[in-house]
Protein chains: 2
Amino acid sequence: MKADMPLNRILRGECVEVMKTLPDASVNCVFADPPYNLQLRGELRRPDESVVDGVDDDWDKFTGYEAYDEFTRAWLGEARRLLHKDGTIWVIGSYHNIFRLGAIMQDLGFWILNDIIWRKSNPMPNFRGRRFTNAHETLIWAARGPESKYRFNYQAMKALNEDLQMRSDWYLPLCTGNERLKNDHGLKLHPTQKPESLLHRTLLAATVEDDVVLDPFCGTGTTPAVAKKLGRRYLAIERHPDYIKAAEARLERVEVLPADQLEITPAKREMPRIPFGSFVENGSLPAGTVVYDRQKRLKARVSPDGTLVSGQHRGSIHKLGALLTNAASCNGWTFWYFERDGQFLSIDTLRQETHLLRRTA
Amino acid sequence: MKADMPLNRILRGECVEVMKTLPDASVNCVFADPPYNLQLRGELRRPDESVVDGVDDDWDKFTGYEAYDEFTRAWLGEARRLLHKDGTIWVIGSYHNIFRLGAIMQDLGFWILNDIIWRKSNPMPNFRGRRFTNAHETLIWAARGPESKYRFNYQAMKALNEDLQMRSDWYLPLCTGNERLKNDHGLKLHPTQKPESLLHRTLLAATVEDDVVLDPFCGTGTTPAVAKKLGRRYLAIERHPDYIKAAEARLERVEVLPADQLEITPAKREMPRIPFGSFVENGSLPAGTVVYDRQKRLKARVSPDGTLVSGQHRGSIHKLGALLTNAASCNGWTFWYFERDGQFLSIDTLRQETHLLRRTA
DNA sequence: AGAAGTTATGAATCCTCTC
DNA sequence: GGAGAGGATTCATAACTTC
């Protein structure tokens with residue numbers, strides 16, 4: 001790296017202005033969590049009447065898509081100039097901004113390697129029931145250009161995923177609990193602090209020891225903290241003095257992992273769960289099929305949304321089984337049967353077959 | 001729909017040209033799986049397969065993106081014109097094209113409701129180990145505009161997912177096996193045939209019976225096939241006669257679910273409204289009855305006009321519940337309880353019983 | 001001490017009809 | 001079109017409190 005290059009520091013200022021002071025091709029990897037341009041309108045309450053603390057900070061306010069695009073082109077252009085020819089960049093966003101980010105990255109000459117889905121294990125629900133639960137964010141991973149000889153630690157990623165190739169969908173929890181930095185009032189210090197697990201995986205995938213990692217939107221310092229922990233060098237930019245102060249205190253507490261301990265904690269595995277509705281969707285138990293209890297004393301019909309209907313009653317396989325037998329509860333999987341090729345089979349057969357397929361796949 | 005509107009047909013031709021012949025606001029929902037052959041070949045081709053000329057350099061990425069964007073703006077613009085003001089559109093793509101699609105949709109005035117991740121249970125592995133396994137595709141679900149009163153069958157989606165809110169990440173298998181259409185040589189007929197399960201979920205979420213669904217890139221007819229099965233009307237556009245032939249033969253084999261089997265879990269909003277006062281009038285909850293909150297910490301008395309009175313306060317079941325709990329709002333139906341035959345029941349029980357009676361009547 | 005119950009909260013473009 | 005009223009709507013997790 002250049003002699004005049006500040007390293008392992010958080011620089012205060014506007015990210016574009018500060019980046020302009022840095023030399024070409026001086027960083028190996030960029031991680032950027034830019035403003036999302038959320039455009040929230042009114043107040044939102046949970047069903048229990050509590051108010052959702054949305055992102056209403058000034059830094060997320062833009063006059064429109066054009067202003068957002070202009071800002072995006074400016075910082076991405078500088079980031080590309082700072083990136084070594086074989087370097088890569090990670091950018092995270094949601095549907096509000098990720099499409100603009102991705103298109104502008106392509107226009108600027110970045111070469112997209114993957115889009116990665118961060119599936120949240122504990123997302124905020126959709127309280128008004130008007131959309132699907134927004135349960136993920138998207139990361140774009142791109143090389144500086146199509147000819148870049150970029151770094152990808154394939155075996156490390158495979159090891160992280162129980163010796164299976166790491167896929168483009170990652171299942172990780174939000175940053176909550178003690179990991180989440182708090183202010184003096186015990187409230188979250190930053191509205192969008194990212195979990196260290198996310199940075200751990202991105203940096204471990206795309207960098208080697210002593211690489212320089214740049215974060216133009218440092219916030220409370222998750223990127224520098226994980227970079228330091230993993231024995232990478234860092235450079236971060238942040239406008240707000242309070243965030244810089246918190247990030248610097250946080251960095252003080254981070255211990256660098258000894259080289260021989262730079263190994264991997266396996267990711268938490270998601271429990272496979274198969275909704276009954278999936279068999280309706282995939283046609284193995286189509287809507288309209290009649291199902292029975294084992295003695296064929298009761299029957300019900302399968303609806304397109306995976307509920308069962310019997311007379312005036314509608315409900316899940318479990319609820320309808322309980323209702324029709326006056327039981328407090330019922331395991332619908334083993335209660336209901338259907339006919340296939342002359343055989344009378346429990347619907348749990350379908351689930352068992354699916355588990356078998358997944359294990360052999 | 002307009003009298004001159006062809007329905008339940010596959011129209012042959014270029015999608016933009018054909019769409020231009022159709023009237024404004026004539027479809028309720030669009031599902032589009034556009035081509036994304038951006039730079040996958042040595043020679044540069046437009047999405048309509050014509051070769052881009054006028055490029056002296058070996059390779060010009062900007063021309064490639066520009067041609068793709070031009071085509072995208074054209075068909076999305078027509079799709080938006082054809083969409084009813086409260087209609088929604090689904091567009092599917094991968095990281096090659098989804099960012100351009102999404103940004104152009106926003107520029108044209110579409111209002112994104114969700115981005116949905118189709119997680120593939122059986123993706124193709126990454127053979128060279130140079131990237132993460134590309135294990136998903138992205139769908140964008142958008143309303144025609146921010147003010148659209150769009151359709152979302154929330155309860156049906158929740159039922160499909162074991163009574164939990166449906167999330168933005170969907171786990172579905174690829175279209176394989178008998179579902180995959182083959183040509184005379186036993187090879188796959190179409191390179192990107194989508195699974196019916198994917199269309200089942202999208203159409204069930206965003207349409208009602210008899211809605212008109214448009215697919216501008218029909219291919220082998222998955223969209224019309226599922227639309228027909230679910231009792232929706234369709235309109236599809238396709239260039240290749242071979243695909244049209246296969247799709248028409250496929251549609252012949254599809255059976256429409258009978259109307260009584262098409263019903264899904266109803267939304268409470270759509271149930272006929274019953275005034276609380278009607279229970280006072282018909283004597284099932286006479287004036288003078290005392291009602292309580294669930295913990296029996298509050299109580300109020302029913303007036304002959306269906307208002308509740310508590311101390312100095314009088315108001316509707318909702319207003320009084322909100323007032324006494326200092327809440328911004330309150331659903332009185334589930335807030336207030338009464339006693340009947342020794343049981344402590346929510347007043348919503350009365351409403352549910354009435355709904356049930358009306359259905360059997 | 002440990003089990004069981006309660007509370008708080010997360011990048012959110014989050015209602016609809018009638019007058 | 002604006003105002004007001006009716007009334008529909010939540011999941012996972014961690015920390016804290018109570019027994």
Side-chain angles (χ1 to χ4, degrees), chain A residues 33-57 59-62 65 92-98 118 120-138 171 173-180 182 186-188 190-195 217 219 268 270, chain B residues 86 106 110-115 142-143 145-150 152 154-155 158 161-168 267-271 273-277 306 315-322 327-336 347-348 351:
Chain A
D33 182 11
Y36 285 12
N37 190 20
L38 280 188
Q39 307 172 62
L40 302 181
R41 293 194 269 202
E43 173 186 79
L44 178 65
R45 287 170 181 261
R46 299 185 181 81
D48 67 3
E49 293 287 325
S50 62
V51 177
V52 175
D53 183 17
V55 178
D56 57 356
D57 306 67
W59 49 254
D60 199 43
K61 299 229 188 325
F62 294 85
Y65 291 133
I92 184 167
S94 66
Y95 67 83
H96 310 84
N97 67 331
I98 197 69
W118 169 26
K120 301 177 181 182
S121 58
N122 49 347
M124 187 161 80
N126 185 289
F127 296 117
R128 304 303 294 264
R130 291 298 296 145
R131 302 181 179 199
F132 297 96
T133 307
N134 191 6
H136 74 277
E137 294 188 30
T138 301
Y171 188 70
L174 297 171
C175 180
T176 58
N178 289 330
E179 188 188 330
R180 189 87 191 219
K182 304 293 197 304
L187 302 172
K188 60 188 173 190
H190 190 283
T192 70
Q193 185 180 342
K194 295 293 175 288
F217 306 96
K268 195 175 85 174
E270 182 190 6
Chain B
D86 293 334
Q106 290 178 313
F110 287 108
W111 190 246
I112 299 180
L113 299 169
N114 281 111
D115 57 337
E147 306 306 325
S148 299
K149 303 288 176 207
Y150 60 89
F152 177 50
Y154 173 77
Q155 293 294 350
K158 192 172 173 178
N161 193 39
E162 301 273 279
D163 281 335
L164 291 176
Q165 286 192 337
M166 185 71 81
R167 300 172 32 125
S168 55
K268 279 194 184 175
R269 301 194 161 90
E270 283 154 37
M271 305 280 260
R273 195 174 273 199
I274 302 172
F276 176 70
S316 71
I317 53 173
H318 314 295
K319 281 281 180 289
L320 199 72
S329 68
C330 169
N331 183 344
W333 290 106
T334 49
F335 182 81
W336 296 106
I347 59 175
D348 201 45
R351 196 167 60 155

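Order of the sequence lines fixes the chain letters, A, B, ..., with proteins taken first and strands second; residue numbering starts at 1 for each chain.
- OP1 and OP2 of C/dT9 both lie 4.0 Å or more from every side-chain N or O belonging to A/N122.
- You'll find that the side chain of A/R180 is closest to C/dG10, out of C/dG10, D/dC11, C/dC14.
- Across all strands shown, B/Q155 has heavy atoms under 4.0 Å from sugar-phosphate atoms exclusively, and none from any base.
- Nucleic acid contact for A/W118: none, since no nucleic acid atom lies under 4.0 Å from a heavy atom of the residue.
- In this structure, A/S94 reaches neither bases nor backbone, as no heavy-atom distance under 4.0 Å exists between it and the strands shown.
- Residue A/P34 is in base contact, counting any heavy-atom pair closer than 4.0 Å across all strands shown.
- Checking D/dT10, C/dA12, D/dA14 against the side-chain heavy atoms of B/K158 singles out D/dT10 as nearest.
- Donor-acceptor pairing under 3.5 Å, judged by distance alone, is absent between the side chain of B/R269 and the base of D/dG6.
- Looking at heavy-atom distances under 4.0 Å, A/P123 makes contact with a base.
- Between the side chains of B/S316 and B/H318, no donor-acceptor pair of N or O atoms lies under 3.5 Å.
- Residue contacts for A/G93: at a heavy-atom cut-off of 4.0 Å it reaches no nucleic acid atom on any strand shown.
- Counting to the nearest Å, the C1' atom of C/dA11 and the CG atom of A/D57 are 10 Å from each other.
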Produce the list of close N/O pairs, under 3.5 Å, pairing protein atoms with atoms of nucleotides 17-19 of chain C; give distances to one decimal.
none

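- Of the nucleotides present, none pairs with D/dT9 by Watson-Crick or G-U wobble criteria with both distances under 3.5 Å.
- In this structure, A/N126 reaches the bases: a heavy-atom distance under 4.0 Å links it to at least one base atom across the strands shown.
- A cation-pi arrangement is not found for B/R351 relative to B/F276, the charged atom failing to lie both closer than 6.0 Å to the ring centre and inside a 45° cone about the ring normal.
- Residue A/F127 and nucleotide C/dC14 are not classified as a stacked aromatic pair, given the requirement of ring centres less than 5.5 Å apart at an interplanar angle below 30°.
- A/R130 comes within contact range of the sugar-phosphate backbone alone, with a heavy-atom separation under 4.0 Å but no base atom that close.
- Between the P atom of D/dT10 and the CE atom of B/M166 lies a distance of 14 Å, rounded to the nearest Å.
- Residue A/L40 contributes atom CG, which lies 6 Å from atom C1' of C/dA12 at whole-angstrom precision.
- Under the salt bridge (charged side-chain N to carboxylate O under 4.0 Å, His left out) criterion, B/K319 pairs with no residue, sequence neighbours left out.
- B/D163 has its CG atom 13 Å from the C1' atom of D/dC11, to the nearest Å.
- Residue contacts shown for A/G54 include a base, since a base heavy atom lies under 4.0 Å away.
- Counting non-hydrogen atoms under 4.0 angstrom, A/C175 reaches nothing in the nucleic acid.
- Side-chain proximity of A/R128 to D/dT10, D/dG7, C/dA12: nearest is D/dG7.
- Within 4.0 Å of A/T133, counting heavy atoms only, lies no atom of the nucleic acid at all.
- Counting any heavy atom pair closer than 4.0 Å across all strands shown, B/R167 reaches no nucleic acid atom.
- In this structure, NE2 of A/H96 is placed 8 Å from C1' of C/dA11, rounded to the nearest angstrom.
- Among the nucleotides C/dT13, D/dG6, D/dG7, the one closest to the side chain of B/R351 is D/dG7.
- Checked against C/dT13, D/dA8, D/dG6, the side chain of A/Q39 finds its nearest nucleotide in C/dT13.
- The residue B/I317 sits apart from the nucleic acid: no heavy atom pair falls under 4.0 Å.
- Base contact: A/D33 has a heavy atom under 4.0 Å from a base atom.
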